[in-house]
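Note that these values count all heavy atoms, side chains included, but never hydrogens, waters or copies made by symmetry. Letters go in sequence order (proteins before strands), and every chain restarts at 1.
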Amino acid sequence: MDFFEQVWEVTKLIPEGRVTTYGAIAKYLGTARGARVVGWALNQSNMKADVPAHRVVNRVGMLSGAAHFGGEQMKVLLEAEGIEVKSNKVLKFKELFWDPVTELEV
DNA sequence: ATAGTGACTGAAC
DNA sequence: GGTTCAGCCACTA
């Protein structure tokens, strides 16, 4: 299985209305420093409707992927799940943060 | 096999 | 405390 698919697996496990970070996913997969690769994987998942890439943001809760997601599309999807978004940033990010390492306990 | 790139992150100035 | 620099991993040319 490609590293990409592993990323998608975790991404698909993100509960509705919650968000996570590239670093968290990377850490969960073992490559804590491979956050960039995670983002890259999500880039490929962009065309996959099965993967909620819109729930993945950078470490500060900013929709860094919005630019590659199709503009406001990402923001709309998040708000549709009850996630408040302001200036491409997730409000209450700290509360909505979902860490696979903690939630899934490996 | 080497070099370059990218939705990031952490440390230094 | 905000901005800048360098390091990381996986993938493509």
* Asked: Which whole-number value in Å describes the distance from A/Phe93 CZ to B/dC8 C1'?
  -> 13 Å
* Distance, rounded to the nearest Å, where A/Gln6 contributes CD and C/dA10 contributes P -> 10 Å
* For A/Asn43, report the nucleic acid contact type (base, sugar-phosphate, nothing); a contact means any heavy atom under 4.0 Å. => base
* Asked: Rounded to whole angstrom units, what separation is found between the CZ atom of A/Phe3 and the P atom of C/dC11?
  -> 8 Å
* Output yes when a side-chain donor or acceptor of A/Trp8 lies under 3.5 Å from a complementary backbone atom of A/Ala41, and no otherwise. => yes
* Quickly work out the A/Leu63 CG to B/dC8 P distance and round it to whole Å. => 12 Å
* A/Asn88 CG to B/dC8 C1': how many Å, rounded? -> 17 Å
* From the options B/dC8, C/dC11, C/dC9, select the nucleotide whose nearest atom is closest to the side chain of A/Val37. => C/dC9
* A/Ala53 near the nucleic acid: base, sugar-phosphate alone, or nothing, with a heavy-atom cut-off under 4.0 Å? -> base
* To do: Select base, sugar-phosphate, or nothing to describe what A/Gly34 touches, counting heavy atoms under 4.0 Å on all strands.
  => sugar-phosphate
* Asked: Within the modelled atom types, does a donor on one side and an acceptor on the other bring the side chain of A/Arg33 and the base of B/dG10 under 3.5 Å apart?
  -> no
* Rounded to the nearest Å, what distance is computed from the CZ atom of residue A/Arg55 to the P atom of nucleotide B/dA7? -> 23 Å
* Consider the side chain of A/Trp40, meaning its heavy atoms from C-beta on, and name the nucleotide among B/dG10, C/dC9, B/dG6 that approaches it most closely. => B/dG6
* Atom-pair distance (CD on A/Gln44; P on C/dC9), nearest Å -> 21 Å
* Classify the nucleic acid contact of A/Phe69 as base, sugar-phosphate or nothing, counting any heavy atom under 4.0 Å across all strands shown. => base
* **Whether A/Asn46 side chain and A/His68 backbone form a donor-acceptor pair below 3.5 Å** => yes
* Main-chain N/O of A/Lys48 paired to A/Ser45 side chain as donor or acceptor, under 3.5 Å -> no
* Kindly assign one of parallel, tilted or perpendicular to the pair A/Phe69 and A/His54, based on the angle between their ring planes and the thresholds 30° and 60°. => perpendicular
* **Partners meeting salt bridge (charged side-chain N to carboxylate O under 4.0 Å, His left out) with A/Glu79 (sequence neighbours left out)** => none
* Asked: Given atom OH of A/Tyr22 and atom C1' of C/dC9, what is their separation to the nearest angstrom?
  -> 16 Å
* Asked: Relative to the 5' end of DNA chain C, which residue comes earlier, A/Arg36 or A/Asp2, by the nucleotide with the nearest heavy atom?
  -> A/Arg36
